[in-house]
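What follows is a single structure, written as structure tokens, with notes after it.
In the text below, chain A, chain B and the rest are named by the order of the sequence lines, each starting its count at 1.
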Amino acid sequence: MAETSAPYSVEEVRIKIGGQAGFGIKASGQMLARAFVSAGLNTFDLTEYPSLIRGGHNVFGVRVGPEPVPSQVEPVDVLVALNQETIDLHLDELGDGAAVIFDPSEAEGPAGARGVPVPLDEFAETAGAKIMRNTVALGAVLALLDFPMEPLEESVRRQFSHKKPEVADGNVEAARAGYEHVREHSPEPVRRLVPVAGAAPQLLIDGNSAVGLGALAAGIGFYAAYPMTPATSLLHFMAAHERDRGVVVKHAEDELAAMNMVVGASFTGTRAMCGTSGGGFALMTEAFGLAGVAESAVVVMVSQRPGPATGLPTWTEQADLRMVIHAAQGEFPRVILAPGDHTQCFEFAWRAFDLADRLQTPVVLMLDNYLSENRASVPVLDTGAVTVDRGDIVTAGHVGEGYLRYRVTDDGVSTRAVPGVRGALQLTNSYDHDEYGFANEDAAMRDAQEEKRMRKLALARGLVPPPLVEGADDASVGLIVWGSTTMPARQALEWLAMEGVPARMLQVTTLEPFPADAVVRFIEGTPRTMVVEGNMTGQLESLIREHCLLEPDDSLRRYDGRPLAPEGILERAKEVASRA
Amino acid sequence: MAETSAPYSVEEVRIKIGGQAGFGIKASGQMLARAFVSAGLNTFDLTEYPSLIRGGHNVFGVRVGPEPVPSQVEPVDVLVALNQETIDLHLDELGDGAAVIFDPSEAEGPAGARGVPVPLDEFAETAGAKIMRNTVALGAVLALLDFPMEPLEESVRRQFSHKKPEVADGNVEAARAGYEHVREHSPEPVRRLVPVAGAAPQLLIDGNSAVGLGALAAGIGFYAAYPMTPATSLLHFMAAHERDRGVVVKHAEDELAAMNMVVGASFTGTRAMCGTSGGGFALMTEAFGLAGVAESAVVVMVSQRPGPATGLPTWTEQADLRMVIHAAQGEFPRVILAPGDHTQCFEFAWRAFDLADRLQTPVVLMLDNYLSENRASVPVLDTGAVTVDRGDIVTAGHVGEGYLRYRVTDDGVSTRAVPGVRGALQLTNSYDHDEYGFANEDAAMRDAQEEKRMRKLALARGLVPPPLVEGADDASVGLIVWGSTTMPARQALEWLAMEGVPARMLQVTTLEPFPADAVVRFIEGTPRTMVVEGNMTGQLESLIREHCLLEPDDSLRRYDGRPLAPEGILERAKEVASRA
Amino acid sequence: MPSLKDFEESVKRPTWCPGCGNYAMWRALKHALERLGLDFHEFVVVWGIGCHGNGADFLRCQGFHALHGRSLPVATGIALTNPELKVIVEAGDGDAYGLGLGHFVHSTRRNVDMTLIAHNNQIYGLTTGQVSPTSDHLMKTVSTPSGVLEWPVNPTGLAIAQEATFVARGFAGDIEQLTDLYVAAIEHPGFAVVDVFQPCVTWNKVNTFKWFRERVYKLEEKEGYDPTDREAAFVESLSTFHDLVCTPDECRVPTGVFLRIEGEETYQEGLEQLDGPMWRKAEAPRDVTAVMDEYLT
Amino acid sequence: MPSLKDFEESVKRPTWCPGCGNYAMWRALKHALERLGLDFHEFVVVWGIGCHGNGADFLRCQGFHALHGRSLPVATGIALTNPELKVIVEAGDGDAYGLGLGHFVHSTRRNVDMTLIAHNNQIYGLTTGQVSPTSDHLMKTVSTPSGVLEWPVNPTGLAIAQEATFVARGFAGDIEQLTDLYVAAIEHPGFAVVDVFQPCVTWNKVNTFKWFRERVYKLEEKEGYDPTDREAAFVESLSTFHDLVCTPDECRVPTGVFLRIEGEETYQEGLEQLDGPMWRKAEAPRDVTAVMDEYLT
Ligand SMILES: Cc1ncc(C[n+]2csc(CCOP(=O)(O)OP(=O)(O)O)c2C)c(N)n1
Ligand SMILES: Cc1ncc(C[n+]2csc(CCOP(=O)(O)OP(=O)(O)O)c2C)c(N)n1
Ligand code: SF4
Ligand code: SF4
Ligand SMILES: [Mg+2]
Ligand SMILES: [Mg+2]
């Protein structure tokens with residue numbers, strides 16, 4: 001059994017479905033999650049899969065409850081074992097009173113836990129095809145939760161709405177068969193999960209799609225990428241909407257081309273973005289510097305996965321932060337934003353375009369597999385808040401006499417007049433240059449242009465999202481996090497409150513320029529602080545040391561490819577708090 | 001006149017030759033420098049040129065004296081103006097009693113300074129060809145220094161030894177004509193420069209060649225590169241010796257290929273290296289990470305130039321340090337060495353190969369244009385000190401049963417058995433992997449391999465060059481430097497001593513792993529410290545902040561493409577010392 | 001419409017070596033622009049890094065001086081987001097056929113409406129004379145002192161193998177033909193490749209003006225040559241593979257239009273959503289309600 | 001010498017989708033290795049990243065699983081520093097012809113003695129079915145839902161245009177021919193390209209086994225086909241450009257050896273200094289006195 005001291009809510013349920021890769025486990029799981037959310041509940045998914053199309057072990061986990069569920073948690077209440085391996089691998093994760101659904105024709109029941117045998121294959125074949133066995137299991141899950149079938153039936157129908165009606169019918173039948181079987185043969189529910197009537201409708205969305213929605217809302221006109229997990233689904237999102245929303249989407253020949261294309265697209269005044277993972281970004285490094293010296297307004301999503309090199313392609317890590325902060329030769333201003341949850345993905349994405357335009361310099365959104373690929377239920381996104389601030393740009397008509405693309409200004413920003421504008425003669429240049437843009441090697445001009453560019457960092461400080469503080473004012477322990485680790489840390493924070501340990505959390509949302517003052521205030525204003533992050537060397541912590549000359553009291557790091565566990569954070573935080 | 005308080009030696013002379021690019025100014029200047037060194041003197045060159053084959057302004061400066069000359073200095077004693085522009089641009093650099101050599105048929109004499117008209121063109125044409133006008137000027141220079149002609153004649157003959165004898169004869173005649181003309185018409189010497197009899201023979205060498213000699217000595221078998229200033233001359237050096245020293249040299253199709261080829265070459269057990277500048281390294285980033293996870297013993301020279309992007313290709317800067325420290329997604333150990341002068345270039349280069357083999361991880365040598373391309377006179381290199389320590393490698397014969405390429409060991413290093421060895425079955429892998437090398441996503445194995453790799457950093461600490469301290473024990477001010485800035489800082493140190501300001505200098509030779517303890521000791525043991533470096537954001541300083549949680553008292557940074565000036569360091573150091 | 005002189009006004013004077021083939025290419029481009037009657041706001045020129053790229057300082061226009069080897073993707077980004085601009089790329093042989101070779105072939109099969117002018121001097125000019133991808137087999141350079149072991153890149157052959165719709169070759173010794181080729185290329189709808197032999201008088205002592213003058217012949221003057229015949233064009237492209245010692249009789253070098261296929265769809269034409277400059281999409285926040293609704297449960 | 005079974009011993013079992021063309025290629029390679037009589041220490045296999053690359057876990061050998069798209073330069077580094085090793089590269093179509101296209105063409109003109117086996121499934125398998133550089137024109141994929149606007153990369157054509165010395169194509173539906181091609185390629189001195197149609201049963205629903213079975217023909221069976229004739233080989237390569245709807249009669253797909261030129265010098269043969277494994281150069285410090293003396297004044 002999962003050992004932990006976390007005060008798990010008794011109202012929520014944790015479900016895990018495991019089986020062989022290539023059998024649609026994720027799709028089934030998401031169908032289930034949608035059923036819950038449409039019934040007014042909240043969910044948080046966690047999918048784990050290997051870098052294979054078939055074979056290997058796939059797991060879909062979903063946590064569901066009437067209150068918001070900020071992250072995955074450890075114990076499993078209902079385990080759906082689509083093969084024996086799943087039982088072997090996950091038996092020790094079962095919580096109190098958990099049950100294991102399995103097909104007795106394929107697997108043995110769990111030793112020392114409640115087994116719920118369901119003839120998955122048989123029911124599936126009866127319903128139409130063996131592939132529906134997952135759906136049978138979903139019905140069985142609902143029965144174990146004493147949950148009504150209707151939301152799942154609706155979800156199934158929606159999932160298969162673009163297929164022949166027989167498919168949906170068959171799946172509904174399959175789900176019902178599983179449901180009825182369990183009600184009859186294993187009627188005692190594991191827990192009673194109750195729909196919330198009249199709850200506000202929610203989205204069920206993954207981080208990349210939320211980023212995509214933000215970019216679309218911001219008026220993106222060009223998206224280029226080369227597929228790379230876990231950034232790939234953003235390419236799919238953009239491509240799916242290329243015609244209905246009017247975006248030129250280019251699956252480029254490589255990441256170098258993608259980034260250079262985006263710089264070219266930005267040159268025409270188009271809102272342009274590319275997305276990749278750390279390895280692809282490594283290949284974009286040179287062109288990222290081009291964007292810096294050319295003063296291109298570009299947005300880049302870097303969704304991290306464990307490196308080095310090909311690393312663990314389908315797992316998660318937060319170990320590319322320093323790479324992105326220091327990518328490319330020379331020095332130039334850049335902004336790095338790290339959304340900490342799905343809602344922030346949307347908000348930071350559209351803000352990134354405003355920032356890029358206002359600053360005429362690259363803006364990076366840093367996510368990771370955990371946030372990019374997993375879905376959570378979130379309130380409907382605030383599209384009304386979206387602004388489009390193009391900054392100092394001329395896109396049509398004339399620009400005044402003596403136009404100078406790189407005029408040295410007080411805030412570092414010069415007027416961009418894009419090609420097509422009359423009078424917009426210029427030389428956008430990868431060489432350092434004079435105010436017109438001609439290559440220039442004069443020492444004084446070099447200083448002037450280098451300092452002009454760097455002044456934008458000061459301007460940026462006033463525009464970027466500030467660090468966010470959550471939790472108790474009188475905290476005895478403070479967590480400092482960035483990016484996706486915000487989610488499990490938020491869960492830990494809730495538990496700490498429930499346990500009577502006053503705690504708070506600082507989410508560093510903008511990593512560059514680094515908000516040193518706010519971090520100092522947080523550290524100095526909290527008796528004990530600890531940094532929690534998903535890497536081995538403590539990259540955020542090193543930034544705190546560098547910029548604040550301060551050392552938090554402790555740190556918790558994870559680098560085995562898995563997201564930080566809220567249970568682990570809770571335990572360490574309690575320990576740190578008790579030192580005070 | 002050059003304004004500075006530096007206590008320049010009255011025994012030394014500073015010569016500058018300026019003219020249009022494409023007229024062999026550098027070659028002539030180097031001929032002159034060699035004449036001086038062969039006469040027992042010491043020299044230090046500084047060439048400045050634009051990124052053009054023709055046109056634009058080229059400058060060759062040489063400082064020469066009986067004592068070691070650690071860097072360039074500001075004032076000019078003899079200016080050779082091959083065109084009017086040179087006079088206009090450099091008039092304000094002239095020191096006390098300086099003279100300007102010019103051709104009255106092409107330029108007007110310098111206003112307010114001593115002009116020495118020499119009919120360069122006329123003499124050149126008489127000697128054989130107009131192209132010899134530089135040589136006429138060299139003769140004139142020697143006359144103004146009351147220096148004998150023989151060393152120059154020898155140097156000229158050596159320079160043209162591979163051409164027809166008429167060429168050397170003509171040039172000697174040209175030099176003599178200039179010499180005699182000045183002795184006759186402008187006999188008062190600017191300063192008297194005296195050959196040093198019986199001085200030990202010295203080399204006149206640039207940083208890249210010294211690196212090349214180190215690599216050759218270390219037994220390099222493969223060098224791959226794509227030309228990029230200021231790393232290009234190392235490619236030329238290696239290519240020139242490919243057959244006589246037995247090195248496979250590949251001018252690759254791009255930097256990505258170069259780095260990947262080097263990783264392949266290292267796989268066969270070959271000592272392998274590539275060299276590039278910051279922009280090329282940006283393109284190598286992904287493969288650099290491959291070397292990390294594959295545990296390849298590779299050596300990379302990164303010679304910096306001002307960025308971002310194409311930047312100022314032929315100028316100098318130290319702004320790529322953080323990029324190299326953090327290059328590539330994920331985390332893995334690397335060693336970064338920065339030689340501070342030409343002698344260290346040789347030593348660190350051969351040591352880099354031992355380090356790479358001992359640690360089985362990439363080792364980077366960081367230079368910059370200033371050190372890579374400029375020549376200084378140095379004592380004959382200590383080739384006797386060179387060792388070849390291949391570390392834990394099996395290159396021939398058999399390897400034991402159950403060989404595991406990535407065996408988890410206490411120091412992080414596993415036995416490398418290269419292909420061709422019997423039993424060396426393995427999978428060198430860009431995925432994270434198990435001990436054999438098969439892709440592996442297990443959390444515990446990930447931790448084991450990631451930690452194994454990282455343990456090499458601890459091993460590295462005992463093997464890498466330690467930081468070097470020079471100067472007074474009872475210093476009132478301490479300079480902290482890295483790389484080429486060591487040279488002007490060393491000059492400043494000498495001057496500080498002459499001025500009675502006790503000072504010392506810490507050269508951080510290994511930037512990664514960072515020698516935090518030694519830096520803390522230095523800072524805490526010196527009343528006032530300042531960091532001197534060639535970039536805008538203070539990259540070494542940020543490392544000190546990060547690793548030492550200390551802030552030096554002051555810093556001096558330069559980022560206009562020019563090397564730090566010893567005069568500027570002197571002044572700031574005096575000011576900082578006086579604060580105590 | 002701007003005339004010849006306008007393209008030079010208020011820019012720097014060329015700094016190429018006296019006699020360099022880049023001068024003729026510079027002139028031909030200005031002539032072509034004048035002849036095409038393009039106004040300043042109607043075209044963009046993108047340069048790579050190299051001696052050719054220094055030309056960015058010598059032409060008055062809406063210009064982009066990109067990275068070494070990456071001018072084509074930058075130009076693609078421009079061409080795919082503003083259909084109202086003519087896009088012209090000036091690249092070196094190192095640039096276009098060395099580290100940029102992948103982009104070159106992919107641009108060809110993509111048929112993006114833009115023009116590539118390659119300054120093929122068979123050498124790395126700006127970095128002082130190393131082998132280029134088009135250097136002759138066995139040529140000795142500072143980076144290949146024992147002679148180049150590769151065979152040269154065959155740019156026209158690669159383009160022809162890759163479904164190019166316009167492939168031509170010029171020679172800097174013939175400004176008139178060059179101008180014609182530029183005009184035809186820029187007018188061609190689709191990706192137009194003009195590979196130009198541009199002797200580098202400083203570093204390439206083999207492939208000189210004289211060398212070419214003795215060897216070039218014009219395809220348009222060749223009896224029965226049909227520039228819509230891909231196989232014939234391929235055969236002509238094989239002239240790339242000569243060796244260092246071949247006599248003028250042995251190795252003949254064709255210039256002119258190798259291949260011209262009309263009526264192929266351009267990449268831009270395939271993009272329904274490219275209904276004008278794409279910056280227009282960001283004139284106000286885009287309505288994403290319908291897209292968001294797909295995530296509603 | 002190891003036999004078939006030895007190549008599978010103590011490695012993992014393949015995880016490719018049932019029916020995937022990679023199985024046949026895996027078998028053919030083992031057959032070829034057995035037939036060539038290579039001992040384990042005599043050859044190295046380098047893989048790129050993709051479904052094909054997962055094969056690195058399924059073959060017992062001296063292996064290197066390189067980066068996506070960069071297997072050729074890694075292999076080149078191996079081949080140029082140890083002439084005693086046979087070097088075989090297994091790459092995907094994305095790998096070899098997408099981001100690795102530059103390396104592919106440069107390897108061809110370099111004629112490094114090594115073999116490239118390309119798993120050409122005309123799709124990105126491992127990343128779940130995006131367009132690959134060889135996907136058919138107008139094919140719809142997740143990254144090109146409106147249809148691919150490019151024409152496919154023509155790998156055999158590019159190699160032929162670029163002075164390749166060995167160019168062949170196989171089909172995963174014919175293990176016997178494939179094995180023969182592998183043997184011939186690995187034995188060929190110089191860069192040998194074997195492009196293999198490897199149906200991806202999961203993502204590519206167009207170019208299936210059936211699709212190919214209806215269309216392939218063997219060059220060796222074609223009357224009068226001469227694999228030393230570059231122009232004929234080029235013409236055959238153009239079969240790459242079919243469209244999605246072409247009938248079995250309209251588009252015929254050749255397999256077998258397109259081109260084989262004997263007697264061309266390999267890159268390694270041009271390297272005098274490559275007189276054995278280059279690690280030997282580091283058995284002791286090298287004497288550099290003579291080189292240093294050049295800097296003595
Ligand atoms: C990534 C990168 N690598 C190397 C360089 C250095 N570099 C500048 S121009 C050039 C080659 C120029 O040759 P080519 O493209 O033929 O142009 P040319 O000078 O002959 O016109 C090189 C290698 C660079 N700027 N960027
Ligand atoms: C630099 C980089 N970009 C992207 C990826 C992600 N990636 C892995 S395999 C692959 C494509 C695989 O397609 P292909 O080469 O055709 O191989 P297949 O899976 O079809 O065998 C991609 C895009 C990567 N690993 N590295
Ligand atoms: S080096 Fe060659 S290409 Fe460059 S300007 Fe001079 S002649 Fe022209
Ligand atoms: S996805 Fe395609 S290529 Fe990959 S294993 Fe499955 S069938 Fe084979
Ligand atoms: Mg060139
Ligand atoms: Mg593929």
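At a cut-off of 3.5 Å, with distance as the only test, no side-chain donor of B/N374 or B/D45 sits close to an acceptor on the other residue. A donor-acceptor pair shorter than 3.5 Å cannot be found between the side chains of B/D389 and B/T387. Side-chain contact annotation: D/E90 with D/H119, donor-acceptor N/O pair under 3.5 Å present. Residues B/Q202 and B/N42 have side chains that bring a donor and an acceptor to within less than 3.5 angstrom of each other.
Between chain B and the options D/L59, D/L72, D/N82, D/I49, heavy-atom pairs under 4.5 Å are most frequent for D/I49. The choice from B/G437, B/A265, B/G221 that makes the most heavy-atom pairs within less than 4.5 Å of chain D is B/A265.
Annotation: D/F166 is not in aromatic contact with D/F191 [ring centroid separation under 6.0 Å not met].
Residue D/V11 touches chain B through both its backbone and its side chain, counting heavy-atom pairs closer than 4.5 Å. Contacts between D/R280 and chain B at a heavy-atom distance below 4.5 Å are absent for every atom of the residue. The contact between D/Y267 and chain B is made entirely by side chain atoms (from C-beta outward), counting heavy-atom distances below 4.5 Å. Of the atoms belonging to D/D287, it is backbone heavy atoms, and not side-chain ones, that fall under 4.5 Å from chain B. Interface residue D/S10: only backbone heavy atoms are found under 4.5 Å from chain B. With a threshold of 4.5 angstrom between heavy atoms, D/A56 approaches chain B through its backbone and through its side chain.
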